[in-house]
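Encoded as structure tokens, the structure appears first; notes follow it.
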Amino acid sequence: MTIDIENKARINWACRRGMRELDISIMPFFENEYDTLSDDDKRLFVRLLECADPDLFNWLMNHGRPDDEDLYYMVKLIQERNRIRMAEIVNKY
């Protein structure tokens, strides 16, 4: 079952993975970036959330990459947006 990209409550729930490393990558991206994404990127993000936790962990921690180029694009987007946000936080202090 695919989650509707407008159903933010379900997407928020799907972001909670139960693995700390995933939660600190996926949740901030969802909370800070999701609304700025195009509908296509929102669909891609939801599709990424349908992947297994071990795969997500490996991809987001750079221990491999998805074969699907679209999913790889989303992994890189999450990493880049999180990196920018963290740099902005660090530069405040």
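Small disclaimer: the values here were computed from a predicted structure and weren't measured.
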Keeping the roles fixed (side chain from [X], backbone from [Y]), state whether a donor-acceptor pair exists under 3.5 Å.
X	Y	result
Asp55	Cys51	no
Glu21	Phe57	no
Asp41	Leu37	no
Asn7	Ile3	no

Is there a side-chain contact between [X] and [Y] in this structure, where contact means two heavy atoms from C-beta onward sitting under 4.5 Å apart?
X	Y	answer
Leu60	Val75	yes
Glu80	Phe29	no
Ile78	Leu48	yes
Cys15	Leu49	yes

N-O pairing of [X] and [Y] below 4.0 Å:
X	Y	value
Arg65	Glu69	yes
Arg47	Glu50	no
Asp23	Arg17	no

Among the clusters formed by ILVMFWY side chains lying less than 4.5 Å apart, do [X] and [Y] turn up in the same one?
X	Y	answer
Ile5	Tyr73	yes
Leu56	Met61	yes
Ile84	Ile26	no

**OP:** Check Asp70 against Asp68 and note the closest heavy-atom contact, atom names and distance.
**Re:** N-OD1, 2.7 Å

Original post:
Are side-chain N/O atoms of Asp67 and Tyr72 paired as donor and acceptor at under 3.5 Å?
Top reply: no

Subject >> Between Glu33 and Asn82: side-chain donor-acceptor atoms closer than 3.5 Å >> reply: no

**OP:** Could you walk me through whether Gln79 and Asn62 pass the side-chain hydrogen bond (donor to acceptor under 3.5 Å, both in side chains) test, one step at a time?
**Re:** CA-CA 10 Å; Gln79 291 171 329; Asn62 292 315; 3.1 Å; yes

Original post:
Does Lys8 make a cation-pi contact with Tyr34 (under 6.0 Å, within 45 degrees of the axis)?
Top reply: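 No - Lys8 does not lie over the ring of Tyr34 by the 6.0 Å and 45° rule.
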
As an exercise, state the distance from [atom1] of [X] to [atom2] of [Y], rounded to the nearest 0.5 Å.
X	Y	atom1	atom2	value
Ile11	Arg16	CD1	CZ	13.0 Å
Arg43	Ser38	CZ	OG	8.0 Å
Arg20	Met27	CZ	CE	13.0 Å

**OP:** Might you confirm whether atom CE of Met19 has over 12 heavy atoms from other residues, nucleotides or ligands at distances under 6.0 Å?
**Re:** yes

Original post:
Where does the angle between the aromatic ring planes of Phe45 and Phe30 fall among parallel (under 30°), tilted (30 to 60°) and perpendicular (over 60°)?
Top reply: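 Rings of Phe45 and Phe30: parallel, as their planes differ by under 30°.
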
